[in-house]
Amino acid sequence: MPGKAVLTGTHFMNGDEACCEGALAAGCRFFGGYPITPATEVAERMSKRLPQVGGVFIQMEDEIASMAAILGASWGGQKSMTSTSGPGFSLMMENIGLGLCTETPCVICNVQRAGPSTGLPTLVGQGDMMQARWGSHGPYEIIALCPASPQEMFDFTIQAFNLSEQFRLPVLIMADEVVGHMNERVVIPPADQITVIDRAKPNVPPAEYLPYHPGPDGVAPMANFGDGYFMHVTGLTHDERGYPTMTPAAQVEMTDRIVGKIRNNLDRILDYETLFLDDAQVAVVAYGISARSARGAVLTAREAGLKAGLVKLNVAWPFPEDFIRELSGRVKTMIMPEINLGQMVLELERLAQGRCAVRLVAHPGGTIISPRRIVEAIRQALEERP
Amino acid sequence: MTTALAAAPPRHPHDDLLRTERIPHIWCSGCGIGIVFGSLMAAITKSGLARQDVAVVSGIGCTGRMAGYIRLDSFHTTHGRAIPFATGLKLARPQGKVIVASGDGDLLAIGGNHFIHAARRNMDLTVICVNNFNYGMTGGQLAPSTPFGAKTTTTPQGNPDEPFNFCALAAACGASYVARWTALHIRRLTNTILEAINHKGFSFVEIVAPCPTAFGRRNKIRGALDLLKFYYDRSVVKNHLAPGEATIDFDHNLVVGKFVEFDRPTFLDHYQMVNRGEVEAWPATGVDASAAGQRKAG
């Protein structure tokens with residue numbers, strides 16, 4: 001039965017479902033996945049919705065295959081995605097590296113649960129943040145978005161596809177079980193009000209096409225299977241022609257490109273929101289569901305006359321280094337609440353370099369961090385002697 | 001006239017399909033992969049398919065380098081993952097022909113799970129497996145095809161494992177085209193690859209091929225031609241033999257031929273049928289609800 005790709009209107013749906021609708025609105029037409037709690041609803045809705053819009057859903061035999069399949073589908077010219085949670089995310093790491101090395105646009109939604117290992121499959125965690133950054137081997141940069149609500153699951157999934165198409169890489173949506181499973185209002189705008197970006201295609205004859213020759217923004221135009229460009233795509237270190245080149249010099253050139261296209265375009269990638277920062281003595285820096293706890297805590301603190309402010313990281317990777325460095329010079333303390341035992345807080349410590357105190361409000365997983373704990377941390381930070 | 005002839009570089013019939021700027025290749029002298037590669041190129045040419053409509057996907061290993069030498073859209077993926085990559089490629093662009101070319105270790109050890117599921121789904125792929133009984137690229141380690149008792153660098157006293165029969169496995173999993181030749185059955189191999197390319201569904205072609213450098217050397221058959229002939233001499237053609245009986249028996253019964261060929265809907269055929277509502281709900285015979293209800297009531 002045919003259906004609309006963009007379900008314009010006001011809905012009451014959970015974050016996993018909103019992720020699907022964002023993907024479809026962004027033009028995703030291929031999903032290869034494997035069921036895993038708490039990301040299964042993404043696959044379930046995709047299996048129903050993709051045939052309605054002429055796309056293909058396939059349940060693969062595991063997450064390794066799922067990741068490989070979405071890379072293949074991307075080279076077949078379709079916007080593609082998968083969804084998973086911690087254990088599956090670990091299995092995807094090698095092929096995420098293939099996607100980074102071959103500069104293949106696609107989107108992976110990780111609805112994080114508590115680990116390590118099987119952990120608490122049905123309960124919330126934010127323990128995959130460093131794996132998102134460093135889980136595949138070798139030098140690379142990654143883009144990871146952190147939605148904090150079903151609405152942001154919709155909005156950020158579109159943004160994830162746009163970034164993946166613009167910068168030719170797998171983009172991660174680092175959601176969590178609470179955001180994935182909570183039902184809230186989701187407003188889907190009319191299709192013509194949604195910005196959708198498609199990969200740049202080569203505009204030279206095949207004989208002149210260099211698949212990895214970067215354009216002005218550092219990103220090379222991408223031909224698809226069937227376009228007649230006869231490109232070679234390999235996970236070996238390769239030159240601009242895409243040919244394996246087993247030299248340290250080629251390694252430098254290739255990694256400079258895949259790292260540079262992110263580092264040199266931070267203004268187009270970084271995204272964070274701030275609240276009450278102007279006169280804040282304590283800045284709470286948070287992402288995902290913990291950013292909602294943090295927002296509540298900062299509002300409570302302000303009502304109590306405490307000078308607290310909020311930084312909500314919509315994009316966790318790349319990390320907003322310059323901003324945090326500058327912030328660390330004008331606040332007394334930065335506080336990071338996160339549902340792990342200290343991951344992104346390490347970035348705050350690295351950037352503060354002692355200019356301000358850095359405090360972690362941690363939980364190993366299974367529940368969100370209550371705003372009350374963050375308010376206590378704000379109060380303690382203000383009372384601490386410098 | 002003479003000058004003009006001398007200036008023209010000699011052309012090989014397959015040059016149009018080769019990334020000639022990448023030659024010389026990495027394969028050892030005496031390797032069987034070159035023969036299979038030649039047969040593959042001949043079959044692609046004979047198929048008459050438009051070149052932009054054919055893609056080659058490979059995994060890691062010596063055979064996996066085929067993708068790097070063929071002038072088609074070609075993908076050299078991660079170890080063992082050529083089939084799921086090819087699955088995505090095929091489903092995203094169903095009008096294209098997708099050929100997977102890789103080795104025995106890549107396709108059937110690390111990639112074994114993907115192999116059996118792609119065969120089960122009758123995914124419309126052609127899988128060419130060069131079986132040289134070991135991991136050649138890394139110096140000759142144990143593979144899922146290594147004969148019982150054979151020496152490799154990780155079975156220095158002899159292989160204690162039983163090898164897979166790939167053709168029997170493929171057929172048992174639902175492959176709709178299954179064949180095996182040695183690398184010396186060149187004409188038949190080329191025709192088989194052509195048939196496999198033209199076959200709609202999961203087609204599997206295994207080629208028993210010499211690896212004198214890594215495998216033959218450790219098993220007292222050092223010469224490339226000796227190894228090629230060793231396999232060929234022990235081969236017997238038994239077309240349509242039940243795949244389970246199509247053994248690789250090095251004493252006297254290395255069975256080659258075409259074992260399976262039949263038509264059944266591919267994954268995509270079934271997917272489209274299901275989505276059009278053309279597939280009857282399971283179970284097809286229906287359930288006797290009243291009988292079930294009575295039992296419950298009773």
Side-chain angles (χ1 to χ4, degrees), chain A residues 1 29-32 47-48 50-52 54-80 82 94-99 101-102 104 106 206 211 223-236 238 241-244 246, chain B residues 17 19 21-22 26 50-60 64-65 67-98 110-118 120-121 123 267-268 271-272 274-277:
Chain A
M1 204 169 101
R29 292 295 178 271
F30 181 88
F31 185 102
S47 71
K48 185 180 172 189
L50 270 171
Q52 296 175 352
V56 174
F57 171 93
I58 182 168
Q59 182 167 320
M60 296 300 288
E61 51 273 15
D62 58 31
E63 288 89 345
I64 300 171
S66 303
M67 189 60 219
I70 70 166
L71 295 177
S74 185
W75 283 101
Q78 300 289 353
K79 293 186 184 178
S80 62
T82 189
E94 188 193 11
N95 281 331
I96 288 175
L98 178 66
C101 187
T102 55
T104 307
C106 60
N224 299 322
F225 168 35
D227 289 351
Y229 283 87
F230 306 124
M231 66 277 182
H232 180 56
V233 176
T234 177
L236 286 165
H238 46 266
R241 297 172 298 173
Y243 290 176
M246 300 296 97
Chain B
L17 271 172
R19 296 184 191 273
E21 67 274 28
R22 293 212 62 223
I26 63 156
R51 280 172 54 203
Q52 66 267 24
D53 286 334
V54 185
V56 172
V57 182
S58 65
I60 297 298
R65 292 303 183 96
Y69 298 124
I70 199 159
R71 192 178 296 285
L72 294 171
D73 290 330
S74 52
F75 304 89
H76 180 225
T77 66
T78 43
H79 195 21
R81 317 306 169 195
I83 286 177
F85 186 100
T87 294
L89 191 67
K90 175 69 189 179
L91 294 177
R93 194 174 184 281
Q95 65 272 43
K97 180 65 69 176
V98 179
I110 187 167
N113 197 33
H114 312 309
F115 181 88
I116 65 179
H117 286 281
R120 170 175 68 85
R121 297 178 180 118
M123 193 59 67
F267 168 84
L268 199 58
Y271 186 69
Q272 288 164 347
V274 165
N275 288 322
R276 283 195 301 259

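By convention in this document, chain letters (A, B, ...) are assigned in the order of the sequence lines, proteins followed by strands, and residues within each chain are numbered from 1. Quick caveat: nothing in here was measured; it's all calculated off a predicted structure.
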Non-hydrogen atoms of chain B under 4.5 Å away: do they reach the side chain of [X], the backbone, both or neither?
{"X": "R241(A)", "answer": "side chain"}
{"X": "F30(A)", "answer": "side chain"}
{"X": "Y229(A)", "answer": "backbone"}
{"X": "I70(A)", "answer": "neither"}
{"X": "D62(A)", "answer": "side chain"}

Go through the atoms of [X] and report whether side chain, backbone, both or neither lie under 4.5 Å from a heavy atom of chain A.
{"X": "R65(B)", "value": "side chain"}
{"X": "R276(B)", "value": "neither"}
{"X": "A86(B)", "value": "neither"}
{"X": "E21(B)", "value": "side chain"}
{"X": "V57(B)", "value": "neither"}
{"X": "F75(B)", "value": "both"}

Based on non-hydrogen pairs under 4.5 Å, which of [options] is most in contact with chain B?
{"options": "G228(A), G226(A), G76(A), A223(A)", "value": "G226(A)"}
{"options": "G55(A), P244(A), S66(A), C101(A)", "value": "P244(A)"}
{"options": "M67(A), Q78(A), E61(A)", "value": "E61(A)"}

Query raised in the report: Pick from K90(B), R71(B), H76(B), Q272(B): which one has the most heavy-atom pairs with chain A under 4.5 Å?
Result: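 Counting heavy-atom pairs under 4.5 Å, the top option is H76(B).
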
Query raised in the report: For chain A, which of L72(B), I70(B), I60(B) has the most heavy-atom pairs under 4.5 Å?
Result: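 The residue among L72(B), I70(B), I60(B) with the greatest pair count is L72(B).
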
Query raised in the report: Is the backbone of F85(B) close enough, under 3.5 Å, to the side chain of T87(B) for a donor and an acceptor to pair up by distance?
Result: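 No; zero donor-acceptor contacts below 3.5 Å.
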
Query raised in the report: Does the R29(A) side chain pair with the main chain of G54(A), one donor and one acceptor, at a distance under 3.5 Å?
Result: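 Checked: no pair found.
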
Flag side-chain contact, heavy atom, 4.5 Å: [X] against [Y]:
{"X": "R19(B)", "Y": "S74(B)", "value": "yes"}
{"X": "S74(A)", "Y": "K79(A)", "value": "no"}
{"X": "L236(A)", "Y": "M246(A)", "value": "yes"}
{"X": "F31(A)", "Y": "I58(A)", "value": "no"}

Query raised in the report: Is the charged tip of R51(B) near the ring of F230(A): under 6.0 Å from the six-membered ring centre and within 45° of its axis?
Result: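 Yes, R51(B) and F230(A) form such a contact.
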
Query raised in the report: In Å, rounded to the nearest 0.5 Å, how long is the span from CG of N95(A) to OG1 of T77(B)?
Result: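 These two atoms lie 7.5 Å from each other.
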
Query raised in the report: Do you know the tightest heavy-atom contact between L89(B) and A55(B)?
Result: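 Reported closest heavy-atom pair: CD2-CB, 3.9 Å.
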
**Report entry** By side-chain contact (heavy atoms from CB on, under 4.5 Å) - contacts of Q95(B) (at least two apart)
**Finding:**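 Result, side-chain contact (heavy atoms from CB on, under 4.5 Å) vs Q95(B): R93(B).
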
